[in-house]
**Q** 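Please see the structure below; I have some questions.
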There are 2 protein chains.
Amino acid sequence: MPPRSYVSPARSAAAAETRERVIEAASRTLREGESIARFSLDTVAKAAGVTRLTVYNQFGSRRGLLEAVFDEIARHGGLHQLADAMTTADPRAGLDRMVEIFCGFWSRDSAVGRLHDAMATDPEFAEAVRERNERRRRGVAGLVDRIAARQASPQARKDAVDLIFALTSYPTFASLSAAGRSRDEVCRVVQAACHAALANLSDPSS
Amino acid sequence: MPPRSYVSPARSAAAAETRERVIEAASRTLREGESIARFSLDTVAKAAGVTRLTVYNQFGSRRGLLEAVFDEIARHGGLHQLADAMTTADPRAGLDRMVEIFCGFWSRDSAVGRLHDAMATDPEFAEAVRERNERRRRGVAGLVDRIAARQASPQARKDAVDLIFALTSYPTFASLSAAGRSRDEVCRVVQAACHAALANLSDPSS
DNA sequence: AGATTGGATATACATTATGTATATCTAATT
DNA sequence: AATTAGATATACATAATGTATATCCAATCT
């Protein structure tokens with residue numbers, strides 16, 4: 001007797017809905033909690049009105065849930081605008097725009113900060129986030145290449161790319177924010193630092 | 001019958017020695033472990049050849065142990081050279097020296113990276129580390145003030161201080177290191193970025 | 001020398017998390 | 001009406017932090 005499996009529109013729709021509800025509850029818990037330490041699947045399940053086992057059914061593990069939350073935030077975080085920034089005629093303007101987009105991304109949902117905290121305790125989750133960040137690095141590299149053309153050594157270009165990558169990272173954003181700046185003020189400071197990094201590119205005086 | 005308490009040189013010396021041994025075992029465990037997730041008091045106690053309860057006797061809690069390890073690393077990390085850097089005649093040279101000192105500090109013992117990871121799960125430990133970092137911020141502020149004198153607005157100076165503070169932080173060092181740089185190469189990149197931040201100070205063109 | 005004390009140990013227990021296993025329930029499909 | 005997917009209920013294994021209590025031993029005090 002072969003198992004007669006089937007796909008059910010209603011079932012999978014309902015499952016997708018509970019999935020959404022769990023993700024929503026998880027990001028809310030991350031947002032409202034003081035620390036990632038308090039983030040337990042028990043709390044999330046209760047907040048979502050489901051059982052802890054349902055969370056495991058949907059996401060497999062704590063890590064799976066965190067990745068799903070990260071992807072959900074990324075989906076609604078305005079990162080789709082990056083394509084525009086990358087193809088801007090003036091690559092310097094494109095970089096400014098990129099900084100703006102990422103400042104918006106890091107500040108939009110405070111759960112991203114907690115997700116970065118989760119990287120500390122879960123190496124595989126950290127790796128997953130790092131892979132997603134590589135997109136940013138490639139974006140920076142593309143713009144720097146367009147800006148620098150061949151008027152700078154490969155090493156100088158790599159320095160600029162890695163420095164700008166660090167400047168547009170979440171830790172830098174968090175550090176500048178903690179010093180009492182609004183999103184726009186942080187954006188301005190980071191943009192200026194990126195300009196300086198590009199200036200050093202053509203004039204590596206020191 | 002009043003309790004006749006006493007102080008014992010031999011006893012406290014032995015206690016101090018076990019304390020040292022536990023701290024050593026803890027930093028070794030942090031250094032060798034892949035992630036802070038694996039760092040348990042059980043492991044440390046075994047590595048030190050004592051009982052887990054002894055760790056609690058000496059440090060009170062996991063957090064207490066982590067703070068003790070951090071302070072121990074700071075003591076042997078070369079930060080005492082900061083006083084020299086601060087009082088260097090040329091404040092720009094002093095800042096270069098400061099960057100050098102911190103690159104040395106962040107790279108000397110890989111346990112510091114794990115300790116920064118621990119900040120994510122223990123808010124009070126994070127606060128303790130942040131307080132210790134404030135010394136770095138004050139150092140930067142002092143040097144920037146000497147460099148800028150009154151040729152720049154307070155806001156521009158604050159921007160420079162906060163940016164240099166972020167540039168000399170552990171996350172920035174780790175990011176640039178992960179891109180495949182030696183300690184000295186990271187140092188060079190960070191120094192150049194700091195120079196640029198100072199240049200923006202007197203010429204806030206963008 | 002004998003009583004006492006500080007530090008380490010032994011053992012036990014409470015609590016909280018993650019993750020797995022098994023059986024059951026219910027509503028959607030065949 | 002039988003079956004199936006997704007959710008639940010219950011139970012269990014494991015590991016970690018932290019607390020409580022009693023004991024042991026060597027260093028001190030009288």
Side-chain angles (χ1 to χ4, degrees), chain A residues 1-23 25-26 29-30 33 35-68 114 117-118 120-125, chain B residues 1-23 25-26 29-30 33 35-67 117-118 120-125:
Chain A
M1 50 181 102
R4 67 176 204 212
S5 66
Y6 60 84
V7 287
S8 159
R11 288 256 115 126
S12 49
E17 206 219 317
T18 57
R19 195 184 160 87
E20 281 297 306
R21 220 167 58 235
V22 172
I23 291 176
T29 304
L30 285 171
S35 153
I36 186 77
R38 295 278 200 185
F39 181 83
S40 74
L41 300 195
D42 224 25
T43 313
V44 172
K46 267 166 195 153
V50 297
T51 308
R52 192 166 63 92
L53 283 217
T54 301
V55 180
Y56 278 99
N57 275 346
Q58 284 294 336
F59 304 98
S61 66
R62 176 193 168 91
R63 173 158 57 242
L65 174 59
L66 291 175
E67 288 189 32
R114 299 290 132 72
D117 288 346
T121 47
D122 187 335
E124 302 194 40
F125 176 66
Chain B
M1 50 181 102
R4 65 176 203 212
S5 66
Y6 60 84
V7 285
S8 159
R11 288 256 115 124
S12 48
E17 207 219 316
T18 57
R19 194 185 160 88
E20 280 298 306
R21 220 166 59 234
V22 172
I23 290 177
T29 304
L30 285 171
S35 152
I36 186 76
R38 293 277 199 184
F39 180 83
S40 73
L41 300 196
D42 224 25
T43 312
V44 172
K46 266 165 195 153
V50 297
T51 309
R52 192 166 62 93
L53 282 221
T54 302
V55 181
Y56 278 99
N57 275 347
Q58 283 293 337
F59 304 98
S61 67
R62 176 192 168 91
R63 172 157 58 241
L65 174 59
L66 291 175
E67 288 189 31
D117 288 347
T121 47
D122 188 335
E124 301 193 40
F125 176 67

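Only heavy atoms go into these numbers, but all of them, side chains included; no hydrogens, no water, no symmetry mates. A quick note: this is a predicted structure, and the numbers were derived from the prediction, not measured. Letters A, B, ... are given to chains in the order of the sequence lines, protein chains preceding strands, and every chain is numbered from 1.
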**Q** Taking atom P of dA7(D) as reference, at what distance in whole Å does atom OH of Tyr56(A) sit?
**A** 16 Å
**Q** Holding to side-chain contact (heavy atoms from CB on, under 4.5 Å), I want the full list of residues that pass it with Tyr56(B), two or more places apart in sequence or in another chain.
**A** Leu41(B), Arg52(B), Leu53(B)
**Q** Roughly, in whole Å, what's the span from CZ in Phe59(A) to P in dG6(D)?
**A** 13 Å
**Q** What does the inter-axis angle of the helix from dA1(C)-dT30(D) to dT30(C)-dA1(D) come out as, five pairs per end, nearest 10 degrees?
**A** 10°
**Q** To the nearest angstrom, how far is Glu17(B) atom CD from dA26(D) atom C1'?
**A** 15 Å
**Q** Distance check needed: dA17(C) P versus Leu66(A) CG, whole Å only.
**A** 15 Å
**Q** Would you mind reporting whether Arg19(A) and Phe59(A) have side-chain heavy atoms less than 4.5 Å apart?
**A** yes
**Q** Quick one: Leu41(B) CG to dT19(D) P, roughly how many Å, whole number?
**A** 12 Å
**Q** Atom CD1 of Ile36(A) and atom C1' of dT18(C): how far apart are they, to the nearest Å?
**A** 14 Å
**Q** Can any side-chain N or O of Arg38(B) pair as donor or acceptor with the backbone N or O of Gly33(B) at less than 3.5 Å?
**A** no
**Q** Mind checking Ser61(A) for me? I need base, sugar-phosphate or nothing, with any heavy atom below 4.0 Å counting as a touch.
**A** sugar-phosphate
**Q** Atom CD of Gln58(A) to atom P of dG6(D): distance rounded to whole Å?
**A** 8 Å
**Q** Taking only nitrogen or oxygen atoms into account, show me every contact under 3.5 Å that the protein makes with nucleotides 8-15 of chain D, one pair per line with its distance.
**A**
from   : atom 1 : to       : atom 2 : distance (Å)
dT8(D) : OP2    : Thr51(A) : N      : 3.0
dT8(D) : OP2    : Thr51(A) : OG1    : 3.3
dT8(D) : OP2    : Thr54(A) : OG1    : 2.1
dT8(D) : O5'    : Thr51(A) : OG1    : 3.1

**Q** Nearest to the side chain of Arg11(B), which nucleotide is it out of dG18(D), dA27(C), dA26(D)?
**A** dA26(D)
**Q** For Ala10(B) and Phe39(B), find the nucleotide of DNA chain D closest to each by heavy atoms; which residue's nucleotide sits nearer the 5' end?
**A** Phe39(B)
**Q** Could you grab the distance from atom CG of Asp122(B) to atom CD1 of Ile36(A), nearest 0.5 Å is fine?
**A** 13.5 Å
**Q** Is there a side-chain contact between Phe125(B) and Arg62(B) (heavy atoms, below 4.5 Å)?
**A** no
**Q** Under the side-chain hydrogen bond (donor to acceptor under 3.5 Å, both in side chains) test, which residues partner Glu124(B), sequence neighbours left out?
**A** Arg63(B)
**Q** Mind checking what makes side-chain contact (heavy atoms from CB on, under 4.5 Å) contact with Ala15(B), not counting sequence neighbours?
**A** Gln58(B)
**Q** Arg21(A) CZ to dG6(D) C1': how many Å, rounded?
**A** 12 Å
**Q** Students often get this wrong, so: under 4.0 angstrom with heavy atoms, is Thr18(B) touching a base, only sugar-phosphate, or nothing?
**A** sugar-phosphate
**Q** Can you name the residues that form a side-chain hydrogen bond (donor to acceptor under 3.5 Å, both in side chains) with Thr43(A), not counting sequence neighbours?
**A** Ser40(A)
**Q** When the nearest nucleotide of DNA chain C is assigned to Arg62(A) and to Ala15(B) on a heavy-atom basis, which residue is associated with the more 5' position?
**A** Ala15(B)
**Q** For Gly64(A), is there any backbone N or O sitting under 3.5 Å from a side-chain donor or acceptor partner on Ser61(A)?
**A** yes
